Amino acid sequence: MVSIRFTDGSSRECNEGATFLEILKGHDKGILKKTVAVKVNGALYGLKEPLCASSAPVYVEPVPLETKEGLELCRHSAAHVMAQAVKSLYGGVKLAIGPAIEDGFYYDFDTDRPFTPEDLEKIEAKMKEIIKVDYPFTGESLSKDAALGLFKGMGEGYKEEIISELKGDSVSIYKQGDFIDLCRGPHLPSTGWIKAFKLLSSAGAYWRGSEKNRMLQRIYGTAFASKAALDEHIARMEEAKKRDHRKLGRELDLFTTSEDIGAGLVLWHPHGATVRRIIEDFWKAEHVNAMYDIVYTPHIAVVDLWKKSGHWDFYRENLFSPMDVEGQDYIVKPMNCPFHIQIYKSRLRSYRDLPVRYAELGTVYRYERSGVLHGLLRVRGFTQDDAHIFMTPDQLEGEIKGVLNFTLYILKAFGFNEFDIYLSTRPEKYVGSLDNWAKAEAALKAALESTGLPFSIDPGEGVFYGPKIDIKIKDVIGRSWQCSTIQVDFNLPERFDVTYRDEAGKESRPIMIHRALMGSLERFFGCLVEHYAGAFPTWLAPVQAVILTVTERNDAYAAEVYKTLKGRGIRAELDVRNEKLGFKIREGQLRKIPYQLVIGDKEMSEGKVAPRRRGGETLPAQTVEEFIEAVEAECVAGAAR
RNA sequence: GCCGGCGUAGCUCAGGGGUAGAGCAACUGAUUCGUAAUCAGUAGGUCGAGGGUUCAAUUCCCCCCGCCGGCUCCA
């Protein structure tokens, strides 16, 4: 007998060998119905697995379907069902891997013929049949040799490869119907437990993600606890689609790319450029405030500079080819750092000068392979909000703290209040002394701790030249965007022999940090567009107010109002087109302009305007002055958040 | 770069071996109107670029360019 304690406080005695399904009997039916697995002393087990002998009490926690672990298990089972369907429909298909992933699952198949959308429908239909038959998932343990023999006999070469790389002597396999797969498990009790799933897309994917390997065909799908939850997820995907910055970029006339210009190169249209200008002005003012010196540097430089920096060796495949200038090779810059270093080195520096903070909105060009380009998020020419800080070693922690707080302040100003923060530590290949690494990591950690924000540590994920902090921002609908990065660099100061004179008059090596808060203006802007779904807050909106006339009689007065607004720095437009008011309202609404100022005979006679907010709310008629003051107040509040 | 899909009017898209259509936008006219689409008319296309097959290609084939979804969240 094994003594079992449940998380609800109850306990009972069970025979060893009893399945968890049996053990849970007697539990509340409501709970039981939702339970898809159990956690036994913290480890996940399927409901049909037997209880092992134990002298100590065993803690059993039911895992409901709608939890993260429950869904993961369900999705993994769905991946198996999909594989079963594919194998029964298409001969000669070999299985690779089929894990549950965030928001769904996939399975990679080796097949000569890629899957079409029609195939997906067929597979989905087959899966429904399999689910209806309700095949039980049964797991068993095999010796490695036996498993190798089994999968070899089935012609499943990828499974053989996986088995031979697994540690331990035995592996587990799972079956449902005539389908057998190598699998760690656990699974749902049977296929019928899959309540709501959908296949989403197919795509090529290299075996183990390496281009050197054969390309497989991957099918993505997802599964949820209920049809309602699945529908909700699909609605979320549609919402994300609506917010797509590439779609909104065109609709709101913010930016375009053109094949006549070249892939990955962005044209900022007047409205997008206005938003960018406001971001840049804000950025500059805040940097001056935060004691940075703003600098400008060229777009091209002699290639030797990049040989010296190491970029030419480490980064070659991302650099554009050199151009010949009077017999000397130049390249467009992929980074700003060597230029800032040159400015630093233009004269002798004293410890009294430090820290030196150079900031630049520096436009850089990097060659990205055509397949990875993506809207504004992955481009070939972009502007970094870059800065390099040179400091003495004992200034490091204070500077990092300063940068970190500054970063959060700037990000919050743009409406981002949730962050995922990561500290990446020393990788296997690194430059610099262990001592310096330890100090720098400690300084980054201390700075992070001082913010009181949670962060996680990515061991070994630092860049070869130093540890770093990455900040991902979360947008309104919960998606993460990598923007900010703060990196310590032990490499470049050495390579460029950057020095300062310390208190003793001796030549010393400063520490350098690179940092970008928004990352690149292109990416950050794309992120902003999606965050706000194109409806920028008033302080950022390219057009803040559009003046709408009711009839021609109002034109002259409207023009006066327009002039007043422009004179006061409000970004206004005048719409005196011969259209009905409803038409103009609709258009202004679709353009997501924060305010529409209606002017008819009534407003004209009273010397007022009738504002209407973007959401549809009509404000009481007011004087132009009142409106201007309200907008000004709103903008100050917006930028200073 | 690789796999798959796509590229037709400014935009969204239909069509298909016999030199092309819709809606919206644009333009012209009428209308002077109060909070999400007034009516009528006109114009607009080397069907992404180049090559091939054919009596004939936008349609079929090849190649190039661009765009979209992917390319380890490891049994």
Side-chain angles (χ1 to χ4, degrees), chain A residues 72 75-76 79-80 95-108 111 113-117 119 147 151 156 158-168 171-174 181-185 200-220 241 244 246-247 250-251 253 256-265 317 367-375 548-555 576-591 596-603 610-619 621:
Chain A
E72 216 176 285
R75 287 166 183 163
H76 188 195
H80 276 228
L95 302 174
I97 57 167
I101 55 174
E102 191 180 339
D103 285 339
F105 61 86
Y106 67 80
Y107 213 114
D108 284 345
T111 167
R113 199 176 66 89
F115 297 107
T116 63
D119 289 331
F151 286 104
E156 297 287 3
Y158 296 99
K159 297 294 176 189
E160 283 181 70
E161 191 177 325
I162 294 163
I163 294 167
S164 56
E165 285 172 17
L166 285 172
K167 295 190 185 96
V171 299
S172 59
I173 60 166
Y174 275 77
D181 199 357
L182 175 70
C183 184
R184 179 168 48 192
L200 299 171
S201 60
S202 63
Y206 297 103
W207 168 236
R208 303 203 149 161
S210 168
E211 291 168 33
K212 294 184 187 111
N213 294 334
R214 184 166 160 78
M215 179 157 284
L216 309 173
Q217 295 303 321
R218 174 172 299 180
I219 301 179
Y220 283 97
K241 223 174 174 179
D244 193 314
R246 294 165 299 187
K247 180 174 177 291
R250 171 166 289 291
E251 284 172 5
D253 201 14
T256 49
T257 56
S258 157
E259 64 179 294
D260 296 334
I261 304 290
L265 302 170
E317 73 259 25
Y367 169 71
E368 299 280 1
R369 297 192 301 172
S370 56
V372 304
L373 298 174
H374 182 94
L548 312 179
T549 49
V550 178
T551 86
E552 265 171 15
R553 288 191 301 280
N554 314 126
D555 287 4
V576 291
R577 288 175 304 168
N578 179 10
E579 296 289 352
K580 289 172 117 172
L581 184 61
F583 179 88
K584 296 186 187 182
I585 296 262
R586 176 181 149 83
E587 205 174 271
Q589 190 73 37
L590 292 175
R591 290 177 63 202
Q596 307 187 63
L597 302 180
V598 175
I599 291 182
D601 293 343
K602 191 156 157 277
E603 287 73 24
R612 177 192 205 271
R613 271 196 221 272
R614 180 161 50 196
E617 182 192 0
T618 308
L619 302 177

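The chains referred to below are lettered A, B, ... by the order of the sequence lines, with proteins before strands, and numbering in each begins at 1. Note that the structure is a prediction, hence the values are computed from the model and not measured.
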Give me the distance, rounded to whole Å, that separates U54(B) from G41(B) when you measure between the P atoms they each carry.
47 Å
Atom P, compared across G18(B) and C60(B): separation rounded to whole Å
11 Å
Write down the distance between CZ (R113(A)) and C1' (C3(B)), rounded to a whole number of angstrom.
15 Å
Report yes if some heavy atom in the side chain of Q596(A) is under 4.5 Å from a heavy atom in the side chain of Q589(A); otherwise report no.
yes
Side chain to side chain contact (heavy atoms under 4.5 Å, CB included) partners of D244(A), counting only residues at least two apart
R246(A), K247(A), E530(A)
Could you spell out the base pairing of RNA chain B in dot-bracket, with Watson-Crick or G-U pairs whose two distances are under 3.5 Å, [ ] crossing and | to another strand?
(((((((..((((....[..)))).(((((.......))))).....(.(((..]....))).))))))))....
Quantified in whole Å, what is the P atom distance between nucleotide U42(B) and nucleotide G34(B)?
30 Å
In whole Å, I'd like the distance from the CG atom of D108(A) to the P atom of C3(B).
16 Å
Heavy-atom closest pair, residues A96(A) and I162(A):
O-CD1, 4.1 Å
Taking the P atom of each, how far is C3(B) from C27(B), in whole Å?
46 Å
Indicate for each nucleotide in nucleotides 33-41 of chain B, in 5' to 3' sequence, whether protein heavy atoms under 4.0 Å reach the base (B), only the sugar-phosphate (S), or nothing (-).
BBBBBB---
Out of curiosity, R75(A) CZ to Y106(A) OH, how far, rounded to the nearest 0.5 Å?
14.5 Å
Can you check the distance between C11(B) and C68(B), where both ends of the measurement are the P atom (answer in whole Å)?
15 Å
Contact class for Y158(A) (heavy atom, under 4.0 Å): base, sugar-phosphate, or nothing?
nothing
At under 4.0 Å between heavy atoms, what does R218(A) touch on the DNA or RNA strands: base, sugar-phosphate, or nothing?
sugar-phosphate
How long is the line joining NZ of K241(A) and P of U12(B), in whole Å?
13 Å
Give, for atom CG of L216(A) and atom CD1 of I97(A), the distance between the pair rounded to the nearest 0.5 Å.
9.0 Å
Separation of atom OH in Y106(A) from atom C1' in C71(B), rounded to whole Å
10 Å
Could you tell me whether a side-chain N or O of Q217(A) sits under 3.5 Å from a main-chain N or O of S202(A), the two making a donor and an acceptor?
no
Is I97(A) touching bases, backbone alone, or none of the nucleic acid, heavy atoms closer than 4.0 Å?
sugar-phosphate
If I take atom CG from residue L373(A) and atom OG1 from residue T257(A), how far apart are they, to the nearest 0.5 angstrom?
9.5 Å
Do V550(A) and D601(A) touch side chain to side chain, with heavy atoms closer than 4.5 Å?
no
Kindly point out which of C73(B), U12(B), U72(B) is positioned nearest to the side chain of R250(A)?
U12(B)
Without decimals, in angstroms, what is the distance between F105(A) CZ and G70(B) C1'?
16 Å
Between atom CG of L182(A) and atom NZ of K159(A), what is the distance when rounded to the nearest 0.5 Å?
5.5 Å
Sequence neighbours excluded, which residues qualify as side chain to side chain contact (heavy atoms under 4.5 Å, CB included) partners of S258(A)?
D260(A), I261(A), L267(A)
Can you tell me how far C1' in C2(B) sits from the matching atom in A36(B), rounded to whole Å?
47 Å
Considering residues at least two apart in sequence or located in another chain, which fulfil the salt bridge (Lys or Arg N to Asp or Glu O under 4.0 Å) criterion with E587(A)?
R577(A)
Could you encode protein contacts along nucleotides 58-69 of chain B as a string, one character per nucleotide from 5' to 3', using B for base contact, S for sugar-phosphate-only contact and - for no contact, with a heavy-atom cut-off of under 4.0 Å?
-------BSSSB
Quick one: does Y206(A) reach the base of G1(B) with a side-chain donor-acceptor pair under 3.5 Å?
yes
Pick the nucleotide of RNA chain B nearest each of E552(A) and L216(A); which residue has the one closer to the 5' end?
L216(A)
